[in-house]
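Within every chain, numbering begins at 1; the chains are lettered A, B, ... in the order of the sequence lines, protein sequences first and strands thereafter.
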Amino acid sequence: MTSSEILFDSPADPVVEGPVLQVEDLHVSFPSEAGRVRAVRGLSYQVSPGEVLGIVGESGSGKSVSSLAVMGLLPESARISGSIKFQGRELIGRTDAELSKIRGRRIAMVFQDPLSALTPVYTVGDQIAEAILVHRGGAVSKQAANKRAVELLDLVGIPNAAERAKAFPHEFSGGMRQRAVIAMAIANDPDLIIADEPTTALDVTVQAQVLQLLETAQEVTGAGIVIITHDLGVVAGFADRLMVMYAGRAVETGKVDEIYQQPRMPYTLGLLGSIPRLDVGEKQALVPITGQPPSLTDLPPGCPFAPRCPMVVDACHTAEPPLIDVDGSPEHRAACIRTGEIAATDTEGAEAAAEIFGAEVVEEPEIAKVPREQRDIVLELDHVVKEYPVNKGVVFKRRVGTVHAVAGISFDIREGETLGLVGESGCGKTTTLMEILGLEKPMGGEISVLGTNVSSLDSKRRFEIRRDMSVVFQDPMASLDPRLTIHDVIAEPMQVHGYGKDEINRRVPELMRLVGLRPEQLSRYPGEFSGGQRQRIGIARALALEPKLVVLDEPVSALDVSIQAGVINLLEELKSKLGLAYLFVAHDLSVVRHIADRVAVMYLGKIIEIGEVDSVFDAPRHPYTQALLSAIPIPDPVKERQRERIILTGDLPSPANPPSGCRFRTRCFLHASLPPEQQRTCIELEPPREVQAPDHEAACHFAQIRQVL
Amino acid sequence: MTVILNEGDSAGTAGAAPGGPVDAAPEPGKAMTRGRLVFIRFLRNKLALVGLVIIVAMYLLAFLGPLLSQWSYEDRDYAAFLQPPYADHIFGTDNIGTDMFAQVMRGLQKSLIIGLLVALISTTVAAIVGATAGYFLGVADKALMWVVDLLLVLPSFLIIAILSPWFRGKSWWLLVLMLAAFQWMITARIVRGMTLTLKEREFVKAARFMGQPARTIIAKHIVPNMASLLIIDATINVAAAVLAETGLSYFGFGVQSPDVSLGTLIGNYAQSATTFPWLFLFPAGFLVVFVLAVNWVGDGLRDALDPTSTRVRRKEKKDTEEKAA
Ligand SMILES: Nc1ncnc2c1ncn2[C@@H]1O[C@H](COP(=O)(O)OP(=O)(O)OP(=O)(O)O)[C@@H](O)[C@H]1O
Ligand code: SF4
Ligand code: SF4
Ligand SMILES: [Mg+2]
């Protein structure tokens, strides 16, 4: 890494001994109507130079607040006490002017939403140069700063850095913006980088790129890194130490390996057990953590996790358990009075979690025993095409191009079967769903639902088919009308299809129970429920008409992991109980492996690999599938460090202008390694979908198995 | 024990519940329909109830009051010119000896009807036109928006001036329709804009994919989600209609003397406010009370319809706490 040496070889600041960051007994509280919100309650941790600390916890656990306190970015109303020492100097009590000298220069922050960190009206290059000029003062000339900005953009992997430096933030894709923000963060060779959910808003392939970039950033700057996340998988391979937070306190800390292999606090166990594993073929029992995190205004005495803890005993309610050393390790500490008993069980990790939380593998539905060929087809797509015109001009609209959102895709779903549809954002998944749900004649190709071709439907028959097909959306808030009570939400489909009043009043409470909610809550509004509960209400509505096919558009991606597990279990149970067929769209391949029977991988409007889920995941043939799979983190630090990672370069090409021949060739690592004459085949000929194994097809001229898990 | 989850709710998964799990139901029992729930929430709002009582009382007074009085608004008492209130004329008399109480009651009859009807009609038209244009787009949108733009650019007083000879002496209904016809366009444009965004929300798509017909979607999902806007618009329109009617009277159209409305009374006696205050204060006072009462009812309705309204929530919370105590 020569360019980085040029950039970072001036250690003007003397190297300070000891930890870069030392937080002692930090308390942060905010005023609120209901009383003081005690967001952080006695948090202590430290970060050494070059060390990566992962902070994990669910939404509202105080992860962001504690790191905002370090940056001095909390609002005026916040009350802070305790000590935050940066390189031995106390930060609490300093004025904003003093803090801002340290901020940006010595401590850098990377936020979840990269757009908020970039000013829309300046070019990306100017903003990075500005960051250098502000903190280096007269030491650097304007030209030098600009030159350095380009070098930094190059370092973070932005192609044509000199050109792209002149672009504005909105011209960058999400992943490129995050890379630009990281370039800005490392511009002044910081000693500490705080990254708050840096990859949450990004696609898996881009997430892998950004994580690798953070690793590079850490290598070149030698900084300590604090990475905040709610996803235990993300930090497994990257962090050195981990701190699990719950209700404003650390409940378990230790080396990454220790925590993943011997978790000693029920909450950590639950978190580990709630993640579906990409690398586990046989059915795995997912652990849902029931209930909600406690209110931070008036915490009852005792362990804050007690209301949700399967191991709770009376003694848990007397006093809040302190962090104590466990397993005789000096670094591994947990806050639970029953750690000893957890240590004494003979199972470890996720298995122990399933045992303690009493999670069970969901049974296969009856229909799954019938061979696939003998089951009825509920949905069939045959070379379906959907294009959007690209218009220009306001008064006289001219057509200047065509977006090929869906470019001829074919698949079928049989009774009682789940097909997972995966791919990066923008590859056409939602468009495909909307084509199916619209029940209109597609622009090209054929769609058949329950054996009826939709092109020949009259409005009466179309209405009848709507009864057998329902949908669950991604955002549980947007998919329920905020002005309707839960009763009215669930009753709506039945009213539309002419159910009698008595029947509706009988079925609605039944459906509520079916999805694990209490019928007493029927006269409440959606706003009074949590995300997971709302998603259950959406599922209840989808099941109201006893459909045969349920289309799910990213049903769990807006939920916290612990809640996600509950919803996945519910979907599996319902499928088994009611014999449903699912079309399950997701970008999380671990979830798909867990729930789907077959999987279809989409790239730029085409299916490039499809087949039985274990066959595709264990022996992927298409380079894109291989790259996608290798980008998914596995919550196992040992495996994660040994894994070979295929990093895809660049972003998804525009579907308005797809590459000739094989659409994946611009990013294909296999293509890049081929001799020129074979490369020509990729450029000139579009690869057809060919059978690779029983129920396994892929569209690549040079398909070959490569194991990546 | 409170049960409200996510006060000031944002992304949804944040579990900042101020107290306890959400499973503790406050009112166990059967589900209520939306209408009943809104009604109960409305009844909880004391100010709105007061407003409602005032409006009803004003109606009763306006129609029953004149029956109790010995004077009609057309009678003159040649024994009393410009008299301040006294036993015979409880609101006093004007310069030609007409009883002010009789006039104010007559004016109140007119203005109550004009104000409420015009507001109701113009807001309803705005909601229907805006939502239809925004939901269906295409030809319907083009045609409706053309009408809106036309009415917006045409100077309304000019049209009324041209039409007024024809209208003269016709029913007051025409006046109401005329006033309503020039009040709905801007709201319709706003409604159209909001419909465009609401239409993309997933709950509207969900309704469409379950086979719900378009007009039901508009009535059940789109319009209720704009209730706050529409109610505020309607309450503003009540006052605007009463005042606009005064303006129309100048064109020799609208309420003509000897008939009176609150608007004409206020217009006529505004200059006398300091010299003969009773002439001005009684009609103005009734108008102010009326508009205030309409506003209170409007606010109450808005809070009752809006499940996220903090005022109702705080109230509910207090109630449950009291019950628990
Ligand atoms: N400015 C503020 N005023 C009042 N309360 C706040 C403020 N910022 C955060 N809180 C509260 O502090 C608590 C912890 O919030 P924090 O943002 O640290 O959670 P988090 O763990 O980062 O969650 P997420 O995963 O959703 O980002 C929450 O209850 C939140 O509502
Ligand atoms: S202290 Fe008790 S309630 Fe808390 S985590 Fe341990 S066992 Fe569970
Ligand atoms: S056909 Fe060529 S470019 Fe396409 S995936 Fe296969 S090797 Fe890569
Ligand atoms: Mg956060």
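- Among all heavy-atom pairs drawn from A:F463 and B:G211, the shortest one is CE1-O, 3.4 Å.
- Residue B:R215 places its CZ atom among 12 or fewer non-hydrogen atoms of other residues, nucleotides or ligands, all under 6.0 Å distant.
- Heavy atoms closer than 4.5 Å to chain B are found in the backbone of A:L480, but not in its side chain.
- The contact between B:L305 and chain A is made by backbone and side chain atoms together, counting heavy-atom distances below 4.5 Å.
- By the neighbour-count criterion of 12 heavy atoms within 6.0 Å, atom CG of A:D458 is densely surrounded, having more than that number from other residues, nucleotides or ligands.
- When each of A:V496, A:V489, A:I486 is scored by its heavy-atom pairs under 4.5 Å with chain B, the top score falls to A:V496.
- Here A:L437 is the residue among A:L299, A:L437, A:V508, A:V471 with the most heavy-atom pairs under 4.5 Å with chain B.
- Within the 4.5 Å cutoff, the side chain of A:D481 has no heavy atoms near those of the B:R201 side chain.
- Heavy-atom minimum distance, B:F203 versus A:S479: CB-O, 3.3 Å.
- Considering all non-hydrogen atoms of both residues, B:F209 and A:R466 come closest at O-CD, 3.1 Å.
- Between the side chain of B:H221 and the main chain of A:L484, no donor-acceptor pair closer than 3.5 Å is present.
- One finds the CD atom of A:Q474 at 7.0 Å from the CD atom of B:E202 (value rounded to the nearest 0.5 Å).
- A 6.0 Å sphere centred on CZ of A:R38 holds no more than 12 heavy atoms belonging to other residues, nucleotides or ligands.
- Two residues are said to be in side-chain contact when any heavy atoms from C-beta on lie closer than 4.5 Å; A:R483 and B:D306 meet this criterion.
- One finds the CD atom of B:Q212 at 8.5 Å from the NE2 atom of A:H497 (value rounded to the nearest 0.5 Å).
- For chain B, the nearby part of A:R541 is the side chain; its heavy atoms alone come within less than 4.5 Å.
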